[in-house]
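Each remark here refers to the structure printed beneath this line.
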Amino acid sequence: MQYDFKEIEKNWQEFWAKNETFKAKNNSDKPKYYVLDMFPYPSGAGLHVGHPLGYIASDIYARYKRHKGFNVLHPQGYDSFGLPAEQYAIQTGQHPAVTTAANIKTYRRQLDQLGFSFDWSREVRTSSPEYYKWTQWIFIQIFNSWYNKTTDKAESIDTLISVFEAEGNANVQAVCDEGIAQFSSADWKSFSDKEQQEILLQYRLTYLAESEVNWCPALGTVLANDEIVNGVSERGGHPVIRKKMTQWSMRISAYAQRLLDGLNTVDWPQPLKDSQTNWIGRSEGAEVTFSLKDSDHKISVFTTRPDTIFGVSFMTLAPELELVAEITTPEQKAEVEAYIEATAKRSERDRMADVKTISGAFTGAYAEHPFTKEPIPVWIGDYVLAGYGTGAVMSVPCGDQRDYDFAKHFNIPIPNIFEGVDISEEAFSDKATTIIANSDFLNGLDYKKATQKAIAEIEKIGAGTGKVNYRLRDAVFSRQRYWGEPFPVYYVDGMPQMIAAEHLPIKLPEVDKYLPTETGEPPLGNATVWAWDTVNNEVVSNDKIDHKTVWPLELNTMPGWAGSSQYFNRYMDPNNEGEIFSKEAIDYWQDVDLYIGGSEHATGHLLYSRFWQKFMFDLGLVPKDEFAKKLINQGMITGTSAFVYRMNSNITVSKKMLGKDLSDADDLYKLTKDAVIKTVQLKKKLVFIPKSLFSFHEFKKWKRSKGMSEEEIKKLIETDLAKERLKSIEHLIPDDEKEFFDLEKYSISYSAEALHTDVSFVSSSDDLDVEAYKNWRSENSDAEFILQDGNYIVGREVEKMSKSKYNVVNPDAICEEYGADSLRLYEMFLGPLEQSKPWNTAGITGAHGFLKKLWRLYHSGAEGAFAVSEDEPSKDSYKTLHKTIKKVEEDIENFSFNTSVSTFMIAVNELSSQKCNSRAVLEPLAILVSPYAPHIAEELWKQLGHEGSISTVDFPKFEEKYLVESSKEYPVSFNGKMRFKLELPLDLSKDEIEAAVMAHEKTAQQLQGRTPKKVIVVPGKIINIVG
RNA sequence: GCUCGAGUGGUGGAAUUGGUAGACACGUUGGACUUAAAAUCCAAUGGACAUUAGUCCGUACGGGUUCAAGUCCCGUCUCGAGUACCA
């Protein structure tokens, strides 16, 4: 009986589905374990072999945990709202729901075919109304909350209202908008309903605010920074302007400190934590207020260097600040306005890319130094960003390079406040060696002491306070898109109103087209049935809007991260219609134990999810304020692209360059160009040359990487290349030009272009299936390939796996040829999970060969019949088994899956040579392999005579006694170099070992009469003889 | 620029607390079986010299610690990821 993986895999996949083998129960005597994958966006292209890497790893771990007696939750679903489906809808008119459903079907088939142990009964799709009902529900909870700094958590807005009613807002410590006017209890009560709502909106955790966005009028949409290239849209190249729009924002900044602190409590990769830490960007310093001369205005600045306050020689404001217009003097008005206008035209990208140009304008206003009372000129400059801190800086040119450059450029004085430091060339910003001078009460202090003292003095005179500032900004939560969650929001007199939870979900309306409306409204503006009837509590036709009981609904939709910010909790109770999840479910499952996914989500999904989790924790909805205990970033699988080299259709004949200096390939190239005699058109248009005939550019690269000497290059070019290999293209020269193909007389040069070829045409030894390539593209049908030894060897390069590079490998094809178990093993075998590594289909034969060998261990009967004996295994077989158990268990616990695959291979190699077919070894072996190659394991388990699935059978127990050795083959080193090996009993003492070694004939041979100075003996490890 | 990570054969990668560098696999070469191919099996495979024994070099580069360094320390280079007028 052959290893028929197709039949086996099909049967067991059916078995698992039919028996719901992997369905997790929400209550169990077993301990719980929650293994989660970052769910996929179902794209139209389907999966390539890179995608399942993380899923295979998490599946192995989930299966392992089942063997270890855990009740495992291992769900999967789809992040199915998103731009590609919408883009496709705009192009083809097909409803995104239709294409999304079709894509999901493909994904499901591909996932099923890989044998994952997902509990599909818990599948969620972010785009299904049953799911987004709860996304809308959370939005309402966030809207109905404010952040109380006193209790340091989110609270219901009702607690805020009662404070307002009782005593106004004077004592309220909240994370809220800036500059809210103070009001008393009586004021509050006298406010109209609308006024009250407006005030509350400034406190809510999600609020409407004007945010500046990249608006593209031609596309009618807002673009992300990376969708803009050189100031125009990436798609279509339309102009983009900065525009203020009223949008929903999430007050994530309220959680900045807790998001930072929480990182210390989770086992996540350090780089990921670092990037979140950077993103949150905590900096300590002081906020200092400067009065303006001859004006009531004040300017607040945030500085991390209050110790340098006596070094201030000017102030710089962001040009966007409204204050600028108010303080500019009439004389400077024209200049300032011109500068503001110029800045507005520059995109953020421009301002970022262009660090060297220094620009700014003087406002004519002067601020007053809080201590010296000296006048300080106020400038504006686009190196100051409106969105960070207060949008203003106190400029200390001696201590900050940007301030320094600015001061130099505009001839502003640069006072030196550092002891013994020369600032004539550049600013001095080394905090560690700072000693302050020329600074009144700060003189002689170091950075730390001066900072403390400065803050204390600033506070004493009421000019400011010590402050912690965060880079993290509130997150814009509105998108001008169709294919996203609709907001459960309607507007009464422009004020947003939440729809009561019992009327959710508010379903996405149908539209005729998915583009923005002609008046520039979001796509939902095209919906004709999109108004809220407050009497019947239903969505009704727009023409019923009467602004009495029927009101317009919100036209924006939620962003991509809305649906993915709490899905891990919903999996615990995904079909609950009455609650987001039951208390029992969340209390049982608590949080994710292991989360696997890509590092690209570091500052998006993984930050927002932590924010929502903390919010839900504050509300008492979830028991943990961090949702995932451990997280692993799987590396990317890159493609190994294959290249053919298309020769340009003419070659250049030049004077012979023998004897010339060829020390540099650049010179060589130039030389060839200068000495051109003639250009010869080839007989054939399409000629593909082997890599070794590729142009000089390739040589340069090769030379550098291989460190070739000049001599070697000469040899290669003048003899090898110029003569033998060039001969292979001689027949392409037209007969009447043959005289120029005299390699003794002339040099021939040409260039070629590297073109991607589909990797499926290339064999494991890099030779191209020329016929397949010719058939691939009609223009190639009569192309000529210059072969070497009968083959065309392609060039190889590792690149990102992508359709356009023709290096995508489809798992369907791999499963068809080798089976899912082979694919699973091979993906793990490639290398450490976290590392990125190139895919090379050729290597899969190793994994496949292993499975066949494994199969043969159990099928040693006549014609490969199943044959397992009840004999007692040999000592060696027991040893093989138990060292395998030990290693595999350690490896899984450490997520070192690649090494455990090697361990399996070694075990099977050993058992094969031991001719072991004992049940006592082969049964545990099947369980060991089961997490990695579940189909074959199930089949072997069944053949071993067991009923039901192998999936919850106890993991084999490691027993030390089988590994106990009586002797060790010691490596004997002389001066650290291993010279020979010596088998010695393990129970020998150090002295006995030394005696045995010294008595050995090879020792004498090595020593050649010398007396060793020292003999190092590490029992059980090594012997080193020095001298 | 800053932060983090990584450099080991032709390739992917192994290598416990410092203790036999290159496990395992691919590829390559030779051989067996076969009419042939596939499949399978056996052998060799870091480099150089010697080819019997063996010797020397070798984990990006230059130093250092140690009986012993891929592993620890200092410096340099290269590559990758993230991030950026962040005051």
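In this entry B/rA68 has no Watson-Crick or G-U wobble partner, no candidate having both defining distances under 3.5 Å. Base pairing annotation: B/rA87 forms no Watson-Crick or G-U wobble pair, as no partner gives both donor-acceptor distances under 3.5 Å. Within the shown strands, nothing qualifies as a pairing partner of B/rA36 under the Watson-Crick or G-U definition with both distances less than 3.5 Å. In this structure, B/rC2 and B/rG82 make a Watson-Crick or G-U wobble pair, each of the two defining distances being under 3.5 angstrom. With a cut-off of 3.5 Å on both Watson-Crick or G-U wobble distances, the partner of B/rG75 is given as B/rC61. Using N1 to N3 plus N6-O4 or O6-N4 for Watson-Crick, or N1-O2 and O6-N3 for G-U wobble, each under 3.5 Å, B/rC24 pairs with B/rG12. Taking a pair to require two hydrogen-bonding distances under 3.5 Å in either a Watson-Crick or a G-U wobble arrangement, B/rC49 pairs with B/rG54. Across the strands present, B/rA43 finds its partner in B/rU29; the criterion is a Watson-Crick or G-U wobble pair with both atom distances under 3.5 angstrom.
When the P atom of B/rA84 is taken as reference, atom CG of A/Leu472 falls 13 Å away, rounded to whole Å. Atom P of nucleotide B/rU83 and atom CD1 of A/Ile280 are separated by 14 Å, given to the nearest angstrom. Distance, A/Gln270 CD to B/rU3 P: 14 Å, rounded to whole Å. In this entry the distance linking CD of A/Glu827 with P of B/rC26 reads 17 Å, nearest Å. For the pair A/Glu287 CD and B/rA87 P, the interatomic distance rounds to 15 Å; values are reported in whole Å. For the pair A/Phe406 CZ and B/rC85 C1', the computed distance is 12 Å after rounding to whole Å. A/Leu854 places its CG atom 17 Å from the C1' atom of B/rU40, with the value rounded to the nearest Å. To the nearest angstrom, P of B/rG27 lies 12 Å from CD1 of A/Ile844.
In summary, the side chains of A/Thr316 and A/Ser395 do present a donor paired with an acceptor at a separation below 3.5 Å, with no hydrogens or angles considered. With 3.5 Å as the limit, one finds a donor-acceptor pair spanning the side chains of A/Thr880 and A/Glu910. Between the side chains of A/Tyr932 and A/Ser900, at least one donor-acceptor pair of N or O atoms lies under 3.5 Å. When only modelled atom types and interatomic distance are considered, A/Asp405 and A/Gln401 share a side-chain donor-acceptor pair under 3.5 Å. Using modelled atom types and a 3.5 Å distance limit, the side chains of A/Ser896 and A/Thr899 yield a donor-acceptor pair.
Separation of the C1' atoms belonging to B/rG12 and B/rC67 is 35 Å when rounded to the nearest angstrom. B/rU65 and B/rC73 are spaced 16 Å apart, taking the P atom of each and rounding to whole Å. The C1' atoms of B/rU78 and B/rU66 are separated by 29 Å, rounded to the nearest whole Å. B/rA50 and B/rA60 are spaced 30 Å apart, taking the C1' atom of each and rounding to whole Å. For the P atom pair drawn from B/rA25 and B/rA43, the interatomic distance equals 12 Å after rounding to whole Å. Nucleotides B/rC77 and B/rG70 are separated by 23 Å at their P atoms, to the nearest Å. Annotation: B/rG47 and B/rC42 have their C1' atoms spaced 26 Å apart (nearest Å). Separating the C1' atom of B/rC56 from that of B/rA36 is a span of 47 Å, rounded to the nearest Å.
Each of A/Lys1014 and A/Met978 was matched to the nucleotide of RNA chain B holding its nearest heavy atom; the match closer to the 5' end belongs to A/Met978. Comparing A/Lys977 and A/Pro271 by the nucleotide of RNA chain B whose heavy atom lies nearest to each, the residue mapping closer to the 5' end is A/Pro271.
The closest side-chain heavy-atom distance from A/Phe829 to A/Phe897 is not below 4.5 Å.
Taking the side chain of A/Leu385 as heavy atoms from C-beta on, and the options B/rC41, B/rG13, B/rC86, the nearest nucleotide is B/rC86. Nearest nucleotide to the A/Lys968 side chain, out of B/rU20, B/rG12, B/rU55: B/rU20. Checking B/rA87, B/rU20, B/rG12 against the side-chain heavy atoms of A/Lys981 singles out B/rU20 as nearest. Counting only heavy atoms from C-beta on, A/Thr603 has its side chain closest to B/rU83 among B/rU55, B/rG13, B/rU83. Nearest to the side chain of A/Lys852, among B/rG19, B/rU40, B/rU83, sits B/rU40. Nearest to the side-chain atoms of A/Thr845 among the listed nucleotides B/rC41, B/rG27, B/rA39 stands B/rG27. With B/rC85, B/rC26, B/rG12 as the candidates, the nucleotide lying closest to the side chain of A/Pro838 is B/rG12. Distances were taken from every side-chain heavy atom of A/Pro832 (C-beta onward) to each of B/rC85, B/rU20, B/rG13; the shortest belongs to B/rG13.
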Take A/Lys853 and A/Asn909 through the test side chain to side chain donor-acceptor pair (under 3.5 Å) and record every step on the way to the result.
-> CA-CA 8 Å; A/Lys853 250 170 138 175; A/Asn909 288 346; 2.6 Å; yes
Criterion salt bridge (charged side-chain N to carboxylate O under 4.0 Å, His left out) on A/Lys990 and A/Glu994, from CA distance to verdict = CA-CA 6 Å; A/Lys990 266 193 180 186; A/Glu994 186 174 334; over 6 Å; no
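Between A/Tyr826 and A/Trp839, the ring-plane angle classifies as perpendicular under the 30° and 60° cut-offs.
A/Val1026 comes within 4.0 angstrom of sugar-phosphate atoms only, judged by non-hydrogen atoms across all strands, and of no base. The residue A/Ile1016 sits close to a base: some heavy atom pair falls under 4.0 Å. Here A/Lys1013 lies out of heavy-atom contact (under 4.0 Å) with every strand. Looking at heavy-atom distances under 4.0 Å, A/Arg282 makes no contact with the nucleic acid at all.
Summarising the local packing, NZ of A/Lys879 is surrounded by 12 or fewer heavy atoms from other residues, nucleotides or ligands at distances under 6.0 Å.
Annotated as syn: B/rG9, whose O4'-C1'-N torsion sits within 90° of 0.
The two residues A/Ala602 and A/Ser275 make their nearest non-hydrogen contact at CB-OG, 3.4 Å.
Judged by distance alone, with hydrogens and angles left aside, A/Asn909 brings no side-chain donor or acceptor close enough to the base of B/rC24 to form a pair under 3.5 Å. For A/Lys1021 against B/rU17, a side-chain-to-base donor-acceptor contact under 3.5 Å is present. Between the side chain of A/Asp274 and the base of B/rC4 there is no donor-acceptor pair of N/O atoms closer than 3.5 Å.
One finds no side-chain N or O of A/Arg305 lying less than 4.0 angstrom from the OP1 or OP2 phosphate oxygen of B/rC86. Residue A/Gln835 places at least one side-chain N or O under 4.0 Å from the OP1 or OP2 atom of B/rG13. Within the structure, every side-chain polar atom (N or O) of A/Arg471 is placed at least 4.0 Å from both OP1 and OP2 of B/rC85.
Near RNA chain B, meaning a heavy atom under 4.0 Å from it, residues 888-907 of chain A has A/Asn898, A/Thr899, A/Ser902, A/Met905, A/Ile906 in order of number.
The residues A/Arg282 and A/Glu284 are annotated as salt-bridged, a charged nitrogen and a carboxylate oxygen being separated by less than 4.0 angstrom.
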